[in-house]
Number of protein chains: 2
Amino acid sequence: MPSNSKPKHPRGNLYAADCPSRAVLDHLTSRWGSLVLVVLLERKHRFSELVRRIGGVSEKMLAQSLRALEGDGFILREVFDTKPPMVEYSLTALGKEAAAHVHALTQWVERNVSTVLQARERF
Amino acid sequence: MPSNSKPKHPRGNLYAADCPSRAVLDHLTSRWGSLVLVVLLERKHRFSELVRRIGGVSEKMLAQSLRALEGDGFILREVFDTKPPMVEYSLTALGKEAAAHVHALTQWVERNVSTVLQARERF
DNA sequence: CAGTATCCTCAATGATACTG
DNA sequence: CAGTATCATTGAGGATACTG
């Protein structure tokens with residue numbers, strides 16, 4: 001029986017303008033989203049911890065990035081009914097996989113930034 | 001002699017708001033830049049080939065993305081004085097390293113997009 | 001072919017103030 | 001603490017026309 005049936009888990013195609021994989025990649029590589037993923041790869045963090053660790057991020061943008069990543073199933077949001085209130089953000093299994101790739105890229109950038117700056121001077 | 005000298009190639013710090021590594025990461029993960037890198041990992045391409053392969057990109061944004069990546073030393077731009085004119089874009093050694101990480105991420109996204117879409121429905 | 005120049009629009013981002 | 005609401009800004013991005 002040759003496979004003329006459709007695959008159960010169709011692969012995305014980032015070259016297609018209308019493929020939803022575009023939005024997923026955008027969330028993972030967004031300005032603040034990528035940094036959030038890398039920080040959470042280390043350990044779970046509270047909202048205010050994330051604000052302090054990620055230099056320059058506003059609460060608004062952080063909350064927005066967190067919700068996008070939570071919606072995609074990359075991040076777990078746990079609310080504790082204490083006072084003052086506490087919310088902890090951590091990576092799901094899916095999020096850890098994605099974050100590992102993002103982390104590899106961010107590490108590479110941090111190691112090679114001076115090489116890039118030298119290239120810019122010659123440009 | 002303990003190292004009280006400064007490192008020759010200081011490491012970037014993406015958590016610092018003013019670190020230039022932020023801009024480098026932005027170029028590599030930008031909407032069109034990331035797709036350009038992955039396409040060029042396959043082989044060198046002409047400008048019009050890139051336009052056709054990357055669905056939805058405008059000439060303006062493609063040119064802008066290419067210049068940013070060229071400026072960072074990731075892409076080599078070769079102009080051939082023929083008629084009609086021909087310009088070929090390829091990855092530098094540095095660009096191949098960066099693109100490999102981006103490619104790993106894009107591949108992961110394409111393979112897992114359906115899982116993400118299911119997570120979104122539950123959200 | 002491989003772009004650049006110009007105009008235009010809107011969504012992303014930031015600043016500030018406020019709330020449960 | 002962990003956000004939301006509102007307003008203001010601006011830069012990304014698209015459409016169109018034009019050029020070497």
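Residue numbering restarts at 1 for every chain, and letters A, B, ... go by the order of the sequence lines.
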Base-pairing mate for D/dT9 - Watson-Crick or G-U, with both contacts under 3.5 Å: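 Its partner is C/dA12 (Watson-Crick or G-U wobble, both distances under 3.5 Å).
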Pair partner, D/dG20 [Watson-Crick or wobble, under 3.5 Å]: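 D/dG20 is paired, partner C/dC1.
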task: Report yes if some heavy atom in the side chain of A/Arg77 is under 4.5 Å from a heavy atom in the side chain of A/Val87; otherwise report no.
output: yes
- prompt: Would you call A/Arg22 and B/Leu35 a side-chain contact if the rule is heavy atoms closer than 4.5 Å?
  reply: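 SC-SC contact between A/Arg22 and B/Leu35 confirmed.
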task: Among B/Phe47, B/Phe74, B/Trp32, find the residue that satisfies the side-chain contact (heavy atoms from CB on, under 4.5 Å) test when tested with B/Leu66.
output: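 Result: among B/Phe47, B/Phe74, B/Trp32, B/Phe47 is the only option passing the side-chain contact (heavy atoms from CB on, under 4.5 Å) with B/Leu66.
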Please report the distance, rounded to the nearest Å, between [atom1] in [X] and [atom2] in [N].
X: B/Leu62; N: C/dA2; atom1: CG; atom2: P; result: 11 Å
X: B/Trp32; N: D/dG13; atom1: CH2; atom2: P; result: 8 Å
X: B/Ile54; N: D/dG13; atom1: CD1; atom2: C1'; result: 15 Å
X: B/Leu50; N: C/dC1; atom1: CG; atom2: C1'; result: 13 Å
X: B/Met61; N: D/dA15; atom1: CE; atom2: P; result: 12 Å
X: A/Asp81; N: D/dC1; atom1: CG; atom2: C1'; result: 13 Å
X: A/Arg22; N: D/dG13; atom1: CZ; atom2: P; result: 12 Å
X: A/Glu70; N: D/dA2; atom1: CD; atom2: C1'; result: 14 Å

- prompt: Checking A/Glu110 side chain against B/Leu14 main chain: does a donor-acceptor pair fall under 3.5 Å?
  reply: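 It does hold such a pair.
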- request: Return yes if some donor-acceptor pair links the side-chain N/O of A/Ser21 with the main-chain N/O of B/Val109 below 3.5 Å, else return no.
  value: no
Polar atom pairs (N or O), protein with nucleotides 3-8 of chain D, under 3.5 Å:
from: D/dG3; atom 1: OP1; to: A/Arg77; atom 2: NE; distance (Å): 3.4
from: D/dG3; atom 1: OP1; to: A/Arg77; atom 2: NH2; distance (Å): 2.5
from: D/dG3; atom 1: OP1; to: A/Tyr89; atom 2: OH; distance (Å): 3.4
from: D/dG3; atom 1: OP2; to: A/Tyr89; atom 2: OH; distance (Å): 2.5
from: D/dG3; atom 1: N7; to: A/Glu59; atom 2: OE1; distance (Å): 2.5
from: D/dT4; atom 1: OP2; to: A/Arg67; atom 2: NH2; distance (Å): 3.3

message: C/dT13, OP1 or OP2 - any side-chain N/O from A/Ser58 closer than 4.0 Å?
response: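 The answer is no; no side-chain N or O of A/Ser58 sits under 4.0 Å from OP1 or OP2.
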task: May I ask you to evaluate whether A/Arg46 reaches the phosphate of D/dA2, defined as a side-chain N or O under 4.0 Å from OP1 or OP2?
output: yes
field: Proximity to the side chain of A/Arg52 - top-ranked nucleotide from C/dT13, D/dC1, C/dA2
entry: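 Of all the options, the side chain of A/Arg52 is nearest to D/dC1.
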B/Arg111 and A/Glu97 ion-paired at < 4.0 Å: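 Between A/Glu97 and B/Arg111 there is no salt bridge, as every charged N stays at least 4.0 Å from the carboxylate O atoms.
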query: Less than 4.0 Å between a side-chain N and a carboxylate O, is that true for B/Arg53 and B/Glu42?
result: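 Yes, B/Glu42 and B/Arg53 are salt-bridged.
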